[in-house]
Amino acid sequence: MAHIFAMLVAAQAAASPLPAPADQAAPAPQDAQRDTGRLGAAQQGGGDIVVTARRRAETIQSVPIAMSVIGGQAIADTGAYNVNRITQLQPTLQFYSTNPRNSAANIRGLGAPFGLTNDGIEQGVGIYVDQVYYSRIASATFDFTDTERIEILRGPQGTLYGKNTTAGAINIYTRKPSFTPEARIELTTGNLRFVQAKASVSGPLVDDRLAIRLSSSITRRDGTIRNLRTGKDVNAQDNQSLRGQLFWHATGNLDLTLSGDYNHQNPDCCAQIFARVGTTQRPVSRQYDALAAALDYTPPSRDAFDRVTDLDTPLRARQELGGAALLAEWDLGPVSLTSVSAWRIWDWKPSNDRDFIGLPITSVSANPSQQEQVSQEVRLSSNGRNTVDYVAGLFYFHQTIDTQGLQVQGAAASRYLLNPTSANASNPAVLDGLTATNTIGFRNTSAAGFGKVTWHIADKLSFAPGVRVNYDKKTGSYVSVVTTGAGAVLNCSTTAQAASSVTRDRCSTLAPQVYTPAFDDWNVSGDATLAYDVAPDIHAYATYARSYKSGGINLSGLPLDGANNPILASATVKPETVNHYELGLKTQFLDRRVTLNLAGFWTEINDYQATVTNGQLGVLRGYLANAGKVRTRGFEFDSAFRPTARFNLYVNGAYTDAKYVRFVDAPCPPELSGGTTAAAGQSPSPAGTPGGISPANCDISGQRLPGISKWAFSYGAEYDLPARIGGLDGQVYLGYDGSYRSTFSSNPSASAYTDIKGYALGNVRLGFRGEDRLNVFGWVRNVFAKDYYELLALQSGSTGLVVGQPGDPRTYGVTISRSF
């Protein structure tokens, strides 16, 4: 044991990619990646890379699932050290985040409603770390540390996994403890005072019985946007993580792995800044330019790529993530029994400027939240290849979330938010200090039985049906108490509002409400895959899946009726029903130097969960409900080519046609928002704009889904030459990684103001890779200094202000890594 800690202190290093212990169930695919071509193989699964997408060790080319793999070496080489960065390598994956809590991961445009964060609904893309399900994307916004590989599975996966995933899954696997002493260190520095350090060490505590692995990482970087009011750079990075694993080879056929991790993040983040102004249906006096002029306000720049702001509320995105898990793997000969027990916590302490400008309109906007989850999964799977192979499992999950929301209006709120015709608009005291204190509780219990059988009808033909029986129960509590600047509790009864215009204006800004929503439901889903080996290196498959995304409850406040009571009919949301069809072809040729995988898909979702504005309830406020039907279809390809031993390249592409088939009560785009309810029988709008215009709600049937580009590509290459530097033999290499995505909408209802134009990004690296496992390279990311937006959003209230989140500017630096 002493020599392990000596290595940790002396080397502070991270593990080199060596095989897992022979008796350990998890495969060690990183060796295959190194042997078959670093970049192409690591990203696409060329050669014989082993994956566990179907909860058994298989080569990626033999698995009848549309999937991609990013190896640990590719993560290090390309700087894809978190979920957001891997989107540049995988065109079918989309990740959006205005802060860690308001994050969403989509695959093929599906997974989570764009721009909507509501704890009462679930994600359609599952995040798993070492087989443990992470219930919120926010709880997976950590830096990858000591990562072996990442598998990205596209399409429903509910018959193979503990938690139902209707859009796909992201499986992150860390390196396992080793009985051979090993260590690794990786240090990176760059402009914007970027510093990242990763280290790990592994080895035996008891020979052939007990092994340990310790890993850690630190990432710090200055922000990319200057806040002129405070003199600070915001949208910074400040992350630390620590992970430990104990592997016990208990008996000849029983392995136990106990793991624990802790992650702490505390950056000055996250700012959206002035991008542009559009015209709405509001009176001109109530649109942004007039409101800003009335308050003698001018933004520091009307060009977001000047990267300056004057936000007057402190920005904070502090969070603590952590947990523990016990993985038990028991080989019983013809079958294996696997148990995954886990406990996780997430503590979120934010501060946001939700008016997005330097005026005291909303002076406090924060929703601190504490989440705790426990999960238990048990699986029984057949070993080897049999006429009939199977996986069957049981899953239990329980989650609690407690949120303490706080919104405080500032001195400029009356003039900015109230109608100028109100006598109170010129009285700052009416809204100044108006405070909503929201106490929100959530309890979520899910249980399921699932299984999949693979019948090998013939040597080349197999049929794999699967089934899932799922139960979900969700209960919540929402209590919003509103107090005036003087500390008095606001009474928004009809009588109180009729007696006072001050009360009426306060209630129209922040209204108290109390409700206790509940939802529970059973559903049965399933899939079937027919696979055929056309030739030894050509595999075809066809899949149909009928899946369900659990229903949920509204935990962001409900629309109110004429008596200012919550409309309880809007408290629950029905499940989504998914019908998915897919055809795929996996091929290798030219002595396996070329890998080309193709997939075509068609997915329809009924009762799509989204924000609606339903005039039938007599309200204009948006709320979570079932929008109608959406459809996404398209095709994808993943390819890797190694023409010589020293040159390899990859190209991935996706065409995705995703649209609302039926959505008749959507929130209107800014061009059509802010008016009054339309008269019955209003004629459809002209071509090119939403049909059936109503300023209260719009029919956007036929429009594209937000957040998804019709075309997206990733591509890259690496070339190396033998070299001897400083007496060390190795290779000098030059690498390039690029990505492109076409124009996409950044608003649930398409708008000319919130379209993000297509853009291409490029990253380069030049380095030396020594035979003693030393790797030194310089890198430039966004090498062409492209100005682009990650997101655009709207200021609430139909003012026409559009704010943006600029992508990172050009960055550069040096990375040094060494394995021992």
Quick check: do Ser550 and Asn444 have side-chain heavy atoms less than 4.5 Å from each other? no
Residue list, side-chain hydrogen bond (donor to acceptor under 3.5 Å, both in side chains) with Asp347, at least two apart or on another chain: Lys349
So how far is it from Cys698 SG to Asp665 CG, rounded to the nearest 0.5 Å? 10.5 Å
Is the backbone of Asn99 close enough, under 3.5 Å, to the side chain of Ser97 for a donor and an acceptor to pair up by distance? yes
Where do Asn763 and Val783 land on the side-chain contact (heavy atoms from CB on, under 4.5 Å) test, with the steps shown first? CA-CA 6 Å; Asn763 307 323; Val783 64; over 6 Å; no
Rounding to 0.5 Å, atoms CD (Glu576) and CG (Asn626) come to a distance of 7.5 Å
Do Phe144 and Ile172 have side chains that get closer than 4.5 Å, going by heavy atoms? yes
Please determine, by modelled atom types, if Asp699 and Ser701 share a side-chain donor-acceptor pair under 3.5 angstrom. yes
One should read off an interatomic distance between Ile107 CD1 and Ile170 CD1, to the nearest 0.5 angstrom, of 5.5 Å
Regarding Ser68 and Arg154, is there a side-chain donor-to-acceptor distance under 3.5 Å anywhere? yes
Can you name the nearest heavy-atom pair linking Val308 to Pro300, along with the distance? CG2-CB, 4.2 Å
Are Ile553 and Phe442 side-chain neighbours, meaning at least one heavy-atom pair lies under 4.5 Å? yes
Report yes or no: does Gln123 contribute a side-chain atom to a donor-acceptor pair with the main-chain N or O of Val125 at less than 3.5 Å? yes
Testing the 3.5 Å rule here: is there a donor-acceptor pair between the side chains of Ser135 and Gln373? yes
Please tell me whether Asn106 and Gln94 have a donor and an acceptor in their side chains that are separated by less than 3.5 angstrom. no
Within this structure, what is the OG1-CD distance for the pair Thr754 and Glu671, rounded to the nearest 0.5 Å? 7.0 Å
Would you please indicate if the ring centroids of Tyr789 and Phe305 are separated by under 6.0 Å? yes
Residues Asp737, Arg781: salt bridge by 4.0 Å N-O rule: no
Using atom types as modelled and distance alone, determine if a side-chain donor or acceptor of Ser709 lies under 3.5 Å from a backbone N or O of Ser742. yes
Do the side-chain N and O atoms of Glu320 and Trp346 include a donor-acceptor pair separated by under 3.5 angstrom? no
Hey, are the side chains of Arg101 and Gln319 touching, using non-hydrogen atoms and a 4.5 Å cut-off? no
Taking the side chain from Ser301 and the backbone from Asp303, do they hold a donor-acceptor pair closer than 3.5 Å? yes
Specify the closest pair of heavy atoms between Ile700 and Pro748, including all atoms of both residues, with the distance to one decimal. CD1-O, 3.8 Å
Are Arg226 and Asp310 within salt-bridge range, i.e. N to O under 4.0 Å? no
Quick check against the 3.5 Å criterion: does Asn554 have a side-chain atom that pairs as donor or acceptor with the backbone of Leu624? yes
Checking the side chain of Asp355 only, and the main-chain atoms of Ile357 only, is there a donor and an acceptor separated by less than 3.5 Å? yes
Using distance alone, with no hydrogens and no angle criterion, decide if Gln237 and Gln265 have a side-chain donor and acceptor under 3.5 Å apart. no
Rounded distance (nearest 0.5 Å) linking atom CZ of Phe356 with atom OG1 of Thr313: 11.0 Å
Cation-pi check, Arg318 onto Trp348 ring (under 6.0 Å, within 45° of axis): no
For Leu315 and Ala271, work out which heavy atoms get closest and say how close. CD1-CB, 3.6 Å
Phe397 and Tyr133 aromatic ring geometry - parallel, tilted or perpendicular at 30°/60° bounds: perpendicular
Going by heavy atoms in the side chains, are Pro91 and Arg741 under 4.5 Å from each other? no
Using distance alone, with no hydrogens and no angle criterion, decide if Asn367 and Thr403 have a side-chain donor and acceptor under 3.5 Å apart. no
Please list all pairs meeting side chain to side chain donor-acceptor pair (under 3.5 Å) that have one or both residues in residues 802-812, counting only residues at least two apart or in different chains. Arg221-Asp808, Gln272-Gln805, Glu790-Gln805
Ser714 versus Ser739, side-chain donor and acceptor atoms under 3.5 Å: no
Only one of Tyr161, Tyr173, Tyr134 clears ring pair (Phe, Tyr, Trp, His ring centres under 6.0 Å) with Tyr128; which? Tyr161
Check: Ser365/Gln407 side-chain N/O donor and acceptor closer than 3.5 Å: no
Where do Ala112 and Lys549 come nearest, in terms of heavy atoms and distance? CA-NZ, 4.3 Å
In terms of ring plane angle, is the pair Tyr660 and Tyr608 parallel, tilted or perpendicular, where the classes change at 30° and 60°? perpendicular
Can you check whether Gly758's main-chain N or O pairs, donor with acceptor, with Thr743's side chain at less than 3.5 Å? yes
Measure the acute angle between the ring planes of Tyr736 and Phe784, then classify it against the limits of 30° and 60° as parallel, tilted or perpendicular. tilted
Under the 3.5 angstrom rule, does the side chain of Asp233 hit a backbone N or O of Thr224 as a donor-acceptor pair? no
For Thr145 versus Ser217, what's the shortest heavy-atom pair and its separation? OG1-OG, 3.0 Å
Under 3.5 Å donor-acceptor, Asn782 side chain and Lys786 backbone: yes
State, without any angle test, whether Thr400 and Glu372 hold a side-chain donor-acceptor pair at a distance under 3.5 Å. no
Between Arg85 and Asp143, is a salt bridge (charged side-chain N to carboxylate O under 4.0 Å, His left out) present by the stated rule, with each step listed? CA-CA 10 Å; Arg85 284 183 176 257; Asp143 290 349; over 6 Å; no
Phe744: which residues meet the ring pair (Phe, Tyr, Trp, His ring centres under 6.0 Å) condition with it, sequence neighbours left out? none
Test item: Arg108 side-chain N/O and Thr632 main-chain N/O as donor-acceptor pair under 3.5 Å: no
Where do Tyr759 and Asp787 land on the side chain to side chain donor-acceptor pair (under 3.5 Å) test, with the steps shown first? CA-CA 9 Å; Tyr759 57 86; Asp787 288 336; over 6 Å; no
Side chains of Ser798 and Thr280: do they bring a donor and an acceptor to under 3.5 Å? no
Taken to the nearest 0.5 Å, the spacing of Asn266 CG from Arg316 CZ works out to 7.5 Å
Salt-bridged, Glu604 to Arg633, with N to O below 4.0 Å? no
Going by heavy atoms in the side chains, are Tyr623 and Val612 under 4.5 Å from each other? yes
Taking the side chain as C-beta and beyond, is there a heavy-atom pair between Ile65 and Gln157 under 4.5 Å? yes
Below 4.5 Å, heavy atoms only, C-beta onward: do Asp353 and Asp312 meet side chain to side chain? yes
If I compare all heavy atoms of Arg631 with all of Asp657, which pair ends up nearest, and what's the gap? NH1-O, 2.8 Å
Among Val69, Ile75, Asn171, exactly one meets side-chain contact (heavy atoms from CB on, under 4.5 Å) together with Ile150. Which residue is that? Ile75
